[in-house]
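Residue numbers begin at 1 in each chain, while the letters A, B, ... track the order of the sequences.
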2 protein chains.
Amino acid sequence: MTLDDLKHAQRERLIFLDRCLTWRGMANRRDLIERFGISTAQAALDFRVYLGLARSTPPIYDPVRKTYIAATEHEPLAPSGLTEAFDILASGDESMPSAALPRPERKADRRTIALLHQAIRSGKAVHVRYTSISSGADDEQWIAPTRFTSDGESVHVRAHSFKHGEYRNYLPIRIDPDSSFEEKLLAEPLPEDVDWNTRAIIWLRPKSGLSDRQASVVRSEFGFEGEFLRVETRKALEFFFNRRWGLDTKGARLERAKTEYEPIAPAWPNDN
Amino acid sequence: MTLDDLKHAQRERLIFLDRCLTWRGMANRRDLIERFGISTAQAALDFRVYLGLARSTPPIYDPVRKTYIAATEHEPLAPSGLTEAFDILASGDESMPSAALPRPERKADRRTIALLHQAIRSGKAVHVRYTSISSGADDEQWIAPTRFTSDGESVHVRAHSFKHGEYRNYLPIRIDPDSSFEEKLLAEPLPEDVDWNTRAIIWLRPKSGLSDRQASVVRSEFGFEGEFLRVETRKALEFFFNRRWGLDTKGARLERAKTEYEPIAPAWPNDN
DNA sequence: AAATGTCCATCTAGAAATTATACGATCAAA
DNA sequence: TTTGATCGTATAATTTCTAGATGGACATTT
């Protein structure tokens, strides 16, 4: 009996329960009831199922505090990071402005996204007008989009540019919504997207200049013990790495030690 | 009849469906079946309910492409940003490494978080040893945690520090897991957290030095038309704003024009 | 032209999940 | 002592969902 044997709805509830126990260290039926709008009876059933699943380290009901308390050696059924669990910790505080710092909201045109998505699916090239902020010029060209990617801040489209004869990352927002969006079947298969199919292994270390003590704080903060922290991504996304990890900013506490590349076996043959 | 009249499970499914139509521009029963593990019959029912809800701009079934196509004037039932919808667009590509740039994973000690959470709930002060990276010193003190916050990268605890006589943001990861965590009931109510209860309204504009054309790209990219973009947060979180929005980095395309403050009516009386 | 496959839809019976309701127990606080 | 908040249980009724069968439209393959 595992989580996977359950129906989607109940699995969701048990994962939520699991996170409450993991991060709050406690949970009530009430938590389930408020979150999922189920009855007390169902919530009680969910608890019993959970207890059955958490064989090794089951939570214990504390009649004094009237809640279930996670075992000290509690082992989460479904691992989660603190960031993902933030809403569980912040909940109850519905006030505006929120407890989370707002992020830049990058707008995008629904229709453009859908067109790109369909071009990706059907393997077509589309004609777009793209504004490059560096050159500042509106630029008509055919591109063959292959997938969406994310640098954590905004969503990009990875596409082969016939004009430049290479794969590039495009920001959908800079595609003119009034582009023709004319479609064209690909005459010949696209070249391999080498940068996409190259793994970039980036080794980070505490920024030089930090004291030993500071360096050890940095290490524990990013969860590594040895000399280096190893992070893996694709070469095609490496350009965004420094910004994402704040390596270029003044207060940076990590720096790159070295970077290695190795080819990735394509998931499917001929997957660009 | 609205989304809210539905049960949680079905609502989730319809929201997913809505996002497929919004961002992919198309949807199948198969999408629901794969995502939620339901039967074809149930997926068909969900579609019918969705069509009932999307009265004004219902999607249309295209028998040639064998999918539902979103109306050109499609109005999402549940608004969503592109970033949230990224997983819907990237799905199907399960390969590692993923299509998303990895983010720094900030580890945290389960037990510490749970202790803080319980101290917040019960309004107690706790004794902790905290490592300040600036001073580099381990620092024993009593703090009275009031809430969790997030700067988008890591989770903080907002707490009143008795040692410093003010509210501060603490990184749970820097709290020594071997602190005593001795608890103490608050002798007297905490002072008001003024910075928390102050709204910071930040007005941004395209970075000076950009050409008119570039500035207009920036405007459309961040979704504002006038001179300024208005962002609202709490003064207590303002310290993190520039980093979150990349205002300090070399390639920054926005800059702060002005900042206004105004008091927020506390959600609950005496809510610190 | 016919067969096959893949979507869509619908129907019905039955299984499973969930609710409504009632009842009982423990403990803390008023 | 009473009240209220938890917890738990049990049963019957209701709702939700599935299984399996049937049919239609269309594209592709034979």
> Should the pair Tyr167(B) and His160(B) be assigned to parallel (<30°), tilted (30 to 60°) or perpendicular (>60°) ring geometry?
Replying inline: perpendicular

Nucleotides 25-27 of chain C: which of its N/O atoms have a protein N/O under 3.5 Å away?
from: dC27(C); atom 1: O2; to: Lys66(A); atom 2: NZ; distance (Å): 3.4

Which protein N or O atoms sit under 3.5 Å from an N or O of nucleotides 19-23 of chain C?
from: dT19(C); atom 1: OP1; to: Gly37(A); atom 2: O; distance (Å): 3.4
from: dT19(C); atom 1: OP1; to: Ser39(A); atom 2: N; distance (Å): 3.4
from: dT19(C); atom 1: OP2; to: Ser39(A); atom 2: N; distance (Å): 2.7
from: dT19(C); atom 1: OP2; to: Ser39(A); atom 2: OG; distance (Å): 2.8

> So, is Asn28(B) close to the dC7(C) phosphate, meaning a side-chain N or O under 4.0 Å from OP1 or OP2?
Replying inline: no

>> In this structure, how many angstroms lie between the P atom of dC17(D) and the CD1 atom of Ile33(B), rounded?
In response: 13 Å

>> Closest approach to the side chain of Tyr61(B), judged atom by atom: which nucleotide of dC8(C), dA9(C), dT18(C) is it?
In response: dC8(C)

>> Tell me whether the rings of Trp142(A) and His127(A) are parallel (<30°), tilted (30 to 60°) or perpendicular (>60°).
In response: tilted

> Counting only side-chain N and O atoms of Arg13(A), is one of them less than 4.0 Å from OP1 or OP2 of dT18(C)?
Replying inline: yes

>> Set out, in order, the CA-CA distance, both residues' side-chain angles and the distance that settles ring pair (Phe, Tyr, Trp, His ring centres under 6.0 Å) for Phe47(A) and Tyr61(A), then state yes or no.
In response: CA-CA 11 Å; Phe47(A) 266 85; Tyr61(A) 183 66; 8.9 Å; no

> Is Arg29(A) near enough to dC7(D) that one of its side-chain N or O atoms lies under 4.0 angstrom from OP1 or OP2?
Replying inline: yes

> Are Asp195(A) and Arg234(A) ion-paired here, with the side-chain N under 4.0 Å from a carboxylate O?
Replying inline: no

> salt bridge (charged side-chain N to carboxylate O under 4.0 Å, His left out) with Lys163(A): which residues, sequence neighbours excluded?
Replying inline: Asp139(A)

>> Counting only side-chain nitrogens and oxygens, does Arg30(B) get under 4.0 Å of the OP1 or OP2 atom of dC8(C)?
In response: no

>> In this structure, how many angstroms lie between the P atom of dT14(D) and the CD atom of Gln10(B), rounded?
In response: 20 Å

> Is it true that the side chains of Ser161(B) and Gln141(B) contain a donor and an acceptor less than 3.5 Å apart?
Replying inline: yes

>> Centre-to-centre under 6.0 Å for Tyr50(B) and Tyr68(B), is that the case here?
In response: no

>> Less than 4.0 angstrom between a side-chain N/O of Arg65(A) and OP1 or OP2 of dA5(D), yes or no?
In response: no

> Given atom CD1 of Ile60(B) and atom P of dA25(D), what is their separation to the nearest angstrom?
Replying inline: 19 Å

> Between the two ends of the helix from dA1(C)-dT30(D) to dA30(C)-dT1(D), what is the bend in degrees, rounded to 10 degrees, where each end axis spans five pairs?
Replying inline: 30°

> With a 4.0 Å cut-off, would you call Glu182(A) and Lys184(A) a salt bridge?
Replying inline: no

> Of all residues at least two apart in sequence or in a different chain, which pass the salt bridge (charged side-chain N to carboxylate O under 4.0 Å, His left out) check with Arg35(B)?
Replying inline: Asp87(B)

> Which of these passes salt bridge (charged side-chain N to carboxylate O under 4.0 Å, His left out) with Asp46(B): Arg13(B), Lys7(B), Arg11(B)?
Replying inline: Arg13(B)

> Between dT18(C) atom C1' and Arg48(A) atom CZ, what is the distance in whole Å?
Replying inline: 16 Å

> Roughly how many Å is it from CG in Asp46(B) to C1' in dT18(D), rounded to a whole number?
Replying inline: 13 Å

> Can you check the Leu32(B) CG to dC17(D) C1' distance for me, whole Å?
Replying inline: 14 Å

> Between the side chains of Gln118(A) and Arg65(B), is a donor N or O closer than 3.5 angstrom to an acceptor N or O?
Replying inline: yes

> With under 30° as parallel and over 60° as perpendicular, where do the rings of Phe148(A) and His117(A) fit, or are they tilted in between?
Replying inline: parallel

Write out a two-atom table: protein N or O, nucleotide N or O from nucleotides 28-30 of chain D, distance below 3.5 Å.
none

>> Classify the ring geometry of Tyr170(A) against Tyr130(A): parallel below 30°, tilted from 30° to 60°, perpendicular beyond 60°.
In response: perpendicular

> Between Thr22(A) and His74(A), is any side-chain donor less than 3.5 angstrom from a side-chain acceptor?
Replying inline: yes

> Could you give the CG-to-C1' distance, from Asp31(A) to dC7(D), as a whole number of Å?
Replying inline: 14 Å

> How many Å lie between OH on Tyr50(B) and P on dC8(C), as a whole number?
Replying inline: 16 Å

